[in-house]
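Reviewing the structure listed below.
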Amino acid sequence: MEQQVNLEKQFKNDRLRIVFLGGVGVVTKNMFVYEYWKDGKLTDSVIIDCGVGFSEDGEELIVPDVQYLLDKQSYIRGVVLTHGHEDHTSALHHLLAHVQVPIYGSRLTVALAKARFAEYNLPAQFHTMKINSILQLGHFSISFVHVTHSIPDATNIIVKTPVGTFYHASDFKFDWSPVDGWQTEVGKIASVGKQGVLCLLSDCVRSERKGYTLSEETIQESLEIEVRKARGNVFFTTQSSNISRIQQAVNIASLFKRKIVLLGRSMRTNAEVAQKLGYLHFPKKSVIESRAAKKYPPQQLFFIVAGSQGQEDSALSRLADENNKDISIRPHDTIIFSADPIPGYEQQVHQLINKLTILGAEVVYSDINDELHVSGHGAQNDLMLMMGLTCPQYIIPIGGEPRHVRQYGVLAQKMGYQEDQILAPLEKDAVEFTASGQVTLLKGVAELLPVTKH
Ligand SMILES: [Zn+2]
């Protein structure tokens, strides 16, 4: 009893603050700073994710504003990455150009982040974590929960702090038949829920969609139907970090005994990293170099191509512009888009589809066949299941636009949450939790103060 009183006294003035440098109000540019304040002083902080976003016209990549961190460098104990997608990892070069800090994540996550980081001539310490390991970073105790998404080795993060436990549910869905067979660790989530979660930060981008998100497995059949119909070469495109989808494409190419050609630097790098670590499996001698493609007649080749978002200079855009010296698209070739346009990229994806159509190719995309892509994000039932398992006192929807946040709020209220238990910070805001149970939304905490001239 006496010990408990002391503990209460010890932590009475403690605060846990989450500063949102990205990943709120938008689906991408994920970056969250967890800060532990003791007796009014910042003591430790941990950053979760450090990803890029996309400009509204889809033309450029944007990085989070890290100015807020510059005078707090000595308190940052590490960056913890949730999974290997670009919008969670690809702004590391920008952060590390300003701040020296170690990076932690699961095996594939770290390997992909490291491969992308390699082109920048910056020092960095990457640490691969086992899913069951516990990482002590100052006052934070970090553990990982394996979740299903559209990339293997994706995780949610449990952040234990002296103020309470936070469950950071970045991108996830409950896929009971994932491509790699490794399901979400539901028992682990339920167990932390039982111990008590102060706040759940949850992916909310599919909160408008009813039911559960379909399993990745469902795509295999639709893909098979399209490839069976193909009269020429098949060009398959998806986001190049979508390793699970690439595996399905490889499986189908092998089923039809087509040789595989990987086109585009990001596609080749990601595939190489994932294959080396055993997350992507190619049958022996199934992959050939693009130079060798000429030797094969149509109907024997399956190209896996980067550039599903119509990015300028991507491998698929170059093919559409007839700007690849080894390979050209011919009438009756089939082009399969196994990705939906990221918001902002619609126009350039449509332009790309038009160009490919003019070349005579048969282009299949989500507007004419919506069974060639499933989201890696949970829909309403997945989101409610996560709330039910974690039983948080408070909820912050993340990784979604304001409309997704709003719909997530509706779902949470259906689950019995009151409006004041659901917080909706915007970029550069913070939410502060005190050990005595107060919760406050702080506006514009990370806005740069104007420099005063004397
Ligand atoms: Zn993701």
Side-chain angles (χ1 to χ4, degrees), residues 22-32 47-54 61-64 79-92 103-113 115-116 131 144-157 167-175 178-180 182-185 201-207 209 213-216 219 238-248 266-267 270 273-274 279-280 306 308-309 338-345 373-379 382-383 386 397-401 404 408:
V24 280
V26 289
V27 178
T28 55
K29 205 174 74 171
N30 289 280
M31 190 167 182
F32 308 86
I47 299 169
I48 295 192
D49 285 338
C50 186
V52 287
F54 310 97
L61 293 179
I62 42 177
V63 290
V79 178
V80 182
L81 303 174
T82 57
H83 64 288
H85 280 158
E86 285 92 344
D87 57 334
H88 293 257
T89 62
S90 288
L92 278 174
I103 297 137
Y104 304 88
S106 65
R107 204 160 153 252
L108 181 63
T109 306
V110 162
L112 289 172
R116 284 180 208 130
I131 294 290
F144 299 83
V145 178
H146 173 260
V147 292
T148 48
H149 181 34
S150 50
I151 185 166
D153 241 5
T155 62
N156 284 173
I157 311 289
Y167 188 93
H168 193 100
S170 48
D171 308 2
F172 71 92
K173 66 176 179 182
F174 290 96
D175 187 344
V179 177
D180 63 2
W182 191 12
Q183 295 158 348
T184 296
E185 292 183 296
L201 289 85
S202 173
D203 181 4
C204 70
V205 70
R206 294 200 89 231
S207 57
R209 307 299 179 104
T213 296
L214 291 174
S215 167
E216 271 288 321
I219 290 173
T238 188
Q239 276 165 277
S240 55
S241 57
N242 193 341
I243 304 296
S244 308
R245 194 67 50 80
I246 297 169
Q247 182 67 66
Q248 305 216 66
S266 59
M267 191 61 82
N270 288 338
V273 169
Y279 292 96
L280 185 58
S308 63
Q309 299 299 322
S338 183
D340 280 339
I342 295 171
Y345 278 58
H373 173 69
V374 294
S375 175
H377 299 266
D382 302 80
L383 300 175
M386 183 59 86
I398 56 171
E401 295 177 9
H404 306 130
Y408 188 98

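Note that ligands are numbered from 1 as they come in the structure, with each ligand's atoms numbered from 1 the same way.
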* Structure fact -> Any protein N, O or S atom under 2.8 Å from the Zn ion (ligand 1)? Found His83 NE2, His85 ND1, His149 NE2, Asp171 OD2
* **side chain to side chain contact (heavy atoms under 4.5 Å, CB included) involving Ile131 - partner list, sequence neighbours excluded** => Ser106, His146, Asp153, Thr155, Trp182, Glu185, Lys188
* Report yes or no: does Lys173 contribute a side-chain atom to a donor-acceptor pair with the main-chain N or O of Leu214 at less than 3.5 Å? => yes
* **Under 3.5 Å side-chain donor-acceptor pair for Tyr167 and Asn156** => yes
* Return yes if some donor-acceptor pair links the side-chain N/O of Thr238 with the main-chain N/O of Ser338 below 3.5 Å, else return no. => yes
* Short side-chain to backbone donor-acceptor contact, Gln248 and Glu216, under 3.5 Å -> yes
* Asked: Are the side chain of Ser202 and the backbone of Ala169 linked by a donor-acceptor contact shorter than 3.5 Å?
  -> no
